[in-house]
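Each chain gets a letter, A, B and so on, in the order the sequences are listed, and its residues count up from 1. What you see is a predicted model, and the numbers here were worked out from it, not measured in a lab.
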Amino acid sequence: MQDKYQPAAVESSAQHYWETTSAFRVSEDAARPKYYCLSMFPYPSGKLHMGHVRNYTIGDVLARYHRMRGFNVLQPMGWDAFGMPAENAAISNGVPPAKWTYANIDYMKGQLKRLGFAIDWSREIATCSPSYYRWEQWLFTRLFEKGLIYKKLGTVNWDPVDQTVLANEQVIDGRGWRSGAVVEKREIPMYYMRITAYAEELLAALDDLPGWPEQVKTMQRNWIGRSEGVEVHFPYELATIGKAGVLKVFTTRADTLMGATYVAVAAEHPLAAQAAAGNPELAAFVEECRQGGVAEADLATMEKKGMDTGLRVVHPLTGEYLPVWVANYVLMGYGEGAVMAVPAHDERDFAFAGKYGLPIQMVIRSTHGLYEDTAAPWRDAYAEHGKLVNSGKYDGLDFDAATNAIAADLAAKGLGQKRVQYRLRDWGISRQRYWGCPIPMIRCDDCGDVPVPDEQLPVALPEDVEITGRGSPLAKMASFYECACPKCGKPARRETDTLDTFVESSWYFLRYACNDNAAAMVDARANYWAPIDQYVGGIEHAILHLLYSRFFTRAMRDCGLVEASEPFTRLLTQGMVVASAFYREGEDGKRQWFNPADVAVETDERGRPVGATLKADGQPVDLGGTEKMSKSKNNGVDPQALIDQYGADTARLFIMFAAPPEQQLEWSDSGVEGASRFLRRVWSYGYDLAQAGGARAKIADTPPPALADARREIHGHLKQANHDFGKFQFNTVVSAAMKILNALEKLAGKDAATQAVASEGFSILLRLLSPITPHIAHVLWRECAFGDDILAAPWPEPVAAALAQDEIELMLQINGKLRGSLRVPAAAATAEIENAALATEAAQKFMAGKPPRKVVVVPRRLVNIVV
RNA sequence: GCCCGGAUGGUGGAAUUGGUAUACACAGCAGACUUAAAAUCUGCCGCCGCAUGGCUUACGGGUUCAAAUCCCGUUCCGGGCACCA
């Protein structure tokens with residue numbers, strides 16, 4: 001055994017042991033409770049970043065902890081391997097996406113192994129492999145036949161110069177990122193998943209997910225956005241519009257219908273198109289609305305603009321004519337693509353009406369009297385609920401009564417009814433890109449859209465493809481798209497769109513259970529492992545990925561493939577890793593960013609940062625604040641350098657110690673030094689213990705008082721650590737381990753009693769640390785002769801006898817201010833404590849002779865005397 | 001713009017969930033060891049004040065015997081917004 005800690009040797013020895021014993025290979029075992037611990041799989045972007053290290057360390061700590069607690073633990077790993085970056089790499093470097101992706105997988109897999117994660121690698125999957133995506137295609141055809149997948153027009157970002165559909169990410173300030181051309185909205189046919197069919201279930205089931213963070217459930221509830229309201233029909237007439245019909249809108253504020261002064265439709269609405277046909281000015285406005293991307297954040301922050309179509313619809317209750325406006329804030333994809341506007345009681349309508357001089361009609365009385373006088377200048381809309389005014393027969397009704405009365409009257413006229421509306425929209429899954437799962441459909445002029453039959457699956461993605469960044473590569477490959485109709489055999493055209501990569505990540509967790517099955521998508525093993533007991537991943541996936549996975553699991557359930565409805569029983573959402581950024585501003589105003597590794601930070605005599613210089617030239621650089629680690633700010637810290645210098649255990653320990661998992665983690669190199677120092681001390685302690693003969697026999701039940709204090713302290717820290725493990729608060733678990741080592745180092749005696757307490761304490765320390773720093777724990781456990789394999793050791797529990805205490809200290813407050821303390825027997829009654837507190841010198845002094853008005857005793861904590 | 005979070009010493013963070021604010025670390029300062037340096041060890045370390053003491057958990061109010069924690073309002077920072085993954 002080395003006297004100095006040498007992480008590289010320790011880690012390769014431990015990893016070799018796990019490798020040769022297949023320590024993490026698992027199978028179904030009915031005798032033990034199962035624990036399926038899953039971290040979100042990585043996109044193989046090139047190399048691991050700090051966020052990956054954090055994510056997989058959290059998952060690994062949970063997996064190893066539960067294993068020691070007696071669970072049959074599965075922790076698999078795979079690759080979310082389809083996606084845009086591979087195509088971008090192909091465009092800029094000419095490397096084929098498949099080659100680039102598999103090379104990245106190789107490298108990153110090596111990095112994961114070096115970190116010592118307890119992964120069952122026999123279950124590895126890559127979503128770009130035909131053995132994976134053929135089952136996705138197979139399920140697609142089933143869902144298509146069930147009607148859960150359908151085709152309709154969808155709006156995309158169109159780059160008119162590159163003749164390409166752009167992702168929202170590729171639209172910057174309304175322009176294509178490569179061409180710089182102003183992006184247009186374009187409608188194209190796309191396949192959709194009918195997630196809205198599950199809206200109610202996805203919403204209701206959130207109430208049965210106690211293991212999910214409340215914040216994530218709230219976000220999902222709001223995203224699904226169930227609202228109860230009224231569908232209102234505004235009829236239009238042959239005389240005014242040239243044809244008869246109704247304009248449908250949905251509103252949650254039917255009580256304000258008598259205050260509607262206009263209606264607004266989306267630029268893509270048929271009425272807008274009709275009106276624009278004879279009105280060049282309006283046509284130009286509709287055209288202007290087509291400019292810019294489709295991202296909601298952009299649409300919502302845009303300046304609200306509109307134009308009168310000249311068309312008029314009829315108010316369903318008053319019979320008055322209301323103008324129809326085209327407005328850029330009305331979205332064709334939401335609801336009916338039209339809204340009724342009540343400027344007096346809606347902020348956005350109020351601003352719009354003010355801008356264009358549209359009438360404002362007050363119909364709700366403000367509860368705080370602000371808008372009593374309708375003639376007074378309006379400053380703002382009154383959007384609260386209240387009693388109706390200026391509404392004829394509805395005057396005096398409150399929100400519920402008015403909504404019911406108006407809905408009933410509309411229904412009687414056949415011009416509307418109550419209904420439930422969801423904000424959730426169906427999931428558009430078609431992508432006009434190459435590096436994705438081909439959609440298994442064939443377009444036949446006679447038979448329509450025909451699914452590819454099972455025996456022709458998979459529809460393999462061709463690899464000999466040219467990627468230029470212009471247009472869809474597959475749509476240019478006749479060898480790919482030319483085919484025969486499976487139904488009639490006539491020449492037909494294969495679908496050239498690929499699937500949204502969120503589809504792959506919506507079911508991968510089930511495939512891990514049976515990745516070797518070439519005959520079925522999933523089998524009985526999936527029902528053994530599902531649902532996932534613990535899922536770990538970034539908070540940025542709180543809505544889309546997690547909601548799609550919840551939907552997909554239900555769709556698969558309804559196809560008879562799995563029993564579970566919910567995929568993830570417990571969810572841990574991890575915070576991002578951020579770091580300081582440093583820059584210099586060039587003469588052209590452009591910032592050049594320097595990596596923190598190349599920058600020296602200067603501090604004053606108290607350690608406050610006062611400036612920074614570039615190590616290369618000694619000249620100053622500016623501090624750019626704390627930012628998410630990114631290429632653009634050049635502030636990423638490469639975990640590989642950290643592992644090379646300090647070892648995997650130090651990297652794991654630091655990242656777990658630096659912040660609680662759900663919080664943002666601020667990177668600092670000096671903290672790493674501290675983690676490394678702690679492990680060196682652990683090693684030295686273990687070395688000394690091993691030299692002194694290693695593990696000792698069982699501890700005496702009643703050690704001498706001085707030792708009893710030390711042992712109480714150690715078991716107290718253990719109790720805290722176990723509590724914190726349950727809360728996933730690993731930073732304080734590490735703190736507790738540090739406190740235990742501090743206590744152990746104070747135990748100087750060489751006598752048998754002291755050595756017994758030390759030996760017990762160190763065995764507790766190693767087991768507490770083993771999920772976090774498994775390599776050093778594994779080696780020291782053996783060197784100190786605690787056993788052969790710490791993985792098989794029982795999890796340590798505090799001993800009640802060790803924690804027992806005769807006398808405790810209580811804090812003493814006078815009028816809520818801390819004025820001293822007192823010692824009382826642990827079992828003292830409240831009255832006894834009160835008397836002891838009143839008798840203290842501090843109480844006498846600060847009460848200044850006044851009688852106590854009240855004495856509050858908080859058991860085991862404090863006494864507060866109020867005078 | 002909308003939805004969801006966050007803010008505690010020079011720094012990361014802790015606070016048994018309403019009960020000793022600043023645990024455990026990092027950085028810093030002082031000392032020991034050393035020819036010297038590294039490593040290691042010991043002590044100090046929120047702010048103001050000579051001090052009894054006072055102040056302090058982004059900011060402003062409130063509830064309470066007691067608030068970092070609960071309520072109302074504000075500011076700033078972060079995540080998501082349906083084609084980044």
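Within the structure, every pair that satisfies the side-chain hydrogen bond (donor to acceptor under 3.5 Å, both in side chains) test and touches residues 163-174 of chain A, not counting sequence neighbours, is listed here: A:Asn157-A:Asn168.
A:Tyr329 comes within contact range of no nucleotide atom at all, as no heavy-atom separation falls under 4.0 Å. Using a 4.0 Å heavy-atom distance criterion, A:Gln215 is classed as a sugar-phosphate-only contact. At a threshold of 4.0 angstrom between heavy atoms, the contacts of A:His541 include nucleobase atoms, whether or not backbone atoms are also involved. Residue A:Ala295 is classed as a sugar-phosphate contact, given heavy-atom separations below 4.0 Å to backbone atoms only. Base engagement by A:Thr301 is indicated by at least one non-hydrogen atom pair under 4.0 Å involving a base atom. When heavy atoms are screened at a 4.0 angstrom cut-off, A:Gln432 is found touching base atoms of the nucleic acid. The residue A:Met193 sits apart from the nucleic acid: no heavy atom pair falls under 4.0 Å. At the heavy-atom level, A:Val855 lies nowhere under 4.0 Å from the strands shown. As judged by a 4.0 angstrom heavy-atom cut-off over every strand, A:Phe502 is placed among the base-contacting residues. A:Gln729 comes within contact range of the sugar-phosphate backbone alone, with a heavy-atom separation under 4.0 Å but no base atom that close. When heavy atoms are screened at a 4.0 angstrom cut-off, A:Met576 is found touching the sugar-phosphate backbone but no base atom. Residue contacts for A:Lys304: at a heavy-atom cut-off of 4.0 Å it reaches no nucleic acid atom on any strand shown. In this structure, A:Val165 reaches the bases: a heavy-atom distance under 4.0 Å links it to at least one base atom across the strands shown.
When each of A:Ala658 and A:Met738 is assigned the nucleotide of RNA chain B bearing its nearest heavy atom, the one mapping closer to the 5' terminus is A:Ala658. If you find the closest nucleotide of RNA chain B to A:Pro660 and to A:Val858, the one lying nearer the 5' end belongs to A:Pro660.
Geometrically, A:Arg819 engages A:Phe846 in a cation-pi contact defined by less than 6.0 Å to the ring centre and at most 45° from the axis.
Annotation: side-chain hydrogen bond (donor to acceptor under 3.5 Å, both in side chains) contacts of A:Tyr685 (sequence neighbours excluded): none. Every residue was checked against the ring-ring contact (aromatic ring centres under 6.0 Å, His included) condition with A:Phe657, not counting sequence neighbours, and none meets it. For A:Tyr192, there are no side-chain hydrogen bond (donor to acceptor under 3.5 Å, both in side chains) partners at least two apart in sequence or on another chain. A:Ser821 is linked by a side-chain hydrogen bond (donor to acceptor under 3.5 Å, both in side chains) to A:Glu809, counting only residues two or more places apart in sequence or in another chain. Applying the ring-ring contact (aromatic ring centres under 6.0 Å, His included) test to A:Tyr329 and every residue at least two apart in sequence or in another chain returns A:Phe352. Applying the side-chain hydrogen bond (donor to acceptor under 3.5 Å, both in side chains) rule to A:Arg423 yields no partners; only residues at least two apart in sequence or on another chain are considered. Under the side-chain contact (heavy atoms from CB on, under 4.5 Å) criterion, A:Val866 pairs with A:Asn815, A:Arg853, A:Lys854, A:Asn864, sequence neighbours left out.
Of all the residues in residues 421-431 of chain A, A:Arg423, A:Leu424, A:Arg425, A:Gly428, A:Ser430, A:Arg431 reach under 4.0 Å from RNA chain B with at least one non-hydrogen atom.
Comparing the same atom, C1', in B:G73 and in B:G28 gives a spacing of 40 Å after rounding to whole Å. Across B:A32 and B:A37, the matching P atoms stand 12 Å from one another, rounded to whole Å. With C1' as the reference atom, B:G62 and B:A67 are 11 Å apart, rounded to whole Å. Spacing of C1' atoms, B:U8 relative to B:C76, comes out at 16 Å, to the nearest Å. Comparing the C1' positions of B:G49 and B:G78 gives a spacing of 39 Å, expressed to the nearest Å. Separation of the C1' atoms belonging to B:C65 and B:G18 is 12 Å when rounded to the nearest angstrom.
Protein atom CG of A:Leu206 is 14 Å distant from nucleotide atom C1' of B:C4, rounded to whole Å. Following rounding to the nearest Å, A:Leu822 (CG) and B:U20 (C1') show an atom-to-atom distance of 12 Å. Atom P of nucleotide B:C83 and atom CD of A:Glu504 are separated by 14 Å, given to the nearest angstrom. Spacing between atom CG of A:Leu862 and atom C1' of B:G18 amounts to 11 Å, rounded to whole angstrom units.
A:Glu296 contributes a side-chain N or O that forms a donor-acceptor pair with the base of B:G1 under 3.5 Å.
Anti is the conformation of B:U63, whose glycosidic angle sits further than 90° from 0. Applying the 90° cutoff around 0 to the glycosidic angle, B:G79 is assigned anti.
Side-chain atoms of A:Thr196 and A:Asp426 include a donor-acceptor pair closer than 3.5 Å.
Closest contact between the side chain of A:Lys739 and the listed nucleotides B:G19, B:C24, B:G80 involves B:C24. Each of B:A25, B:G79, B:A82 was ranked by its minimum atom distance to the side chain of A:Asn742; first place goes to B:A25. Among the nucleotides B:G13, B:C81, B:C83, the one closest to the side chain of A:Asn731 is B:G13. Picking from B:C84, B:C55, B:A15 the nucleotide with the shortest atom distance to the side chain of A:Lys817 gives B:C55. Closest to the side chain of A:Lys845, from the set B:G12, B:G53, B:C55, is B:G53. Side chain of A:Asn168, nearest nucleotide from B:A85, B:C84, B:G1: B:C84. Distances were taken from every side-chain heavy atom of A:Met84 (C-beta onward) to each of B:G54, B:A21, B:A85; the shortest belongs to B:A85.
With hydrogens and angles ignored, the 3.5 Å screen pairs a side-chain donor or acceptor of A:Thr127 with a backbone N or O of A:Ala81. Using a distance-only test at 3.5 Å, with no hydrogens or angles considered, a donor-acceptor pair links the side chain of A:Asp159 to the main chain of A:Asp162. Put simply, the side chain of A:Asn222 never gets that close to the backbone of A:Gly225: no donor and acceptor are under 3.5 Å apart.
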Fill in the blank from the handout: Under the rule of Watson-Crick or G-U wobble with both distances under 3.5 Å, where | means paired to another strand and [ ] a crossing pair, RNA chain B maps to (((((((..(((......[....))).(((((.......))))).(((....)))..(((((..]....))))))))))))....
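The two residues A:Met219 and A:Ala542 have their closest heavy-atom pair at CE-CB, 3.6 Å. Nearest heavy-atom pair across A:Ala843 and A:Ile865 is CB-CD1, 4.0 Å.
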What does the list of N/O pairs under 3.5 Å between the protein and nucleotides 37-43 of chain B look like, with a distance for each?
residue : atom : partner  : partner atom : Å
B:U40   : OP1  : A:Arg680 : NH2          : 3.0

Each nucleotide N or O in nucleotides 59-65 of chain B that has a protein N or O under 3.5 Å away: list the pair and distance.
residue : atom : partner  : partner atom : Å
B:C65   : O2'  : A:Asn864 : ND2          : 3.3
B:C65   : O2   : A:Asn864 : ND2          : 2.6

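Under a 4.0 Å N-O distance rule, the pair A:Arg433/A:Glu87 does not qualify as a salt bridge.
Taken from CG in A:Leu679 to CG in A:Leu769, the straight-line distance is 7.5 Å, to the nearest 0.5 Å.
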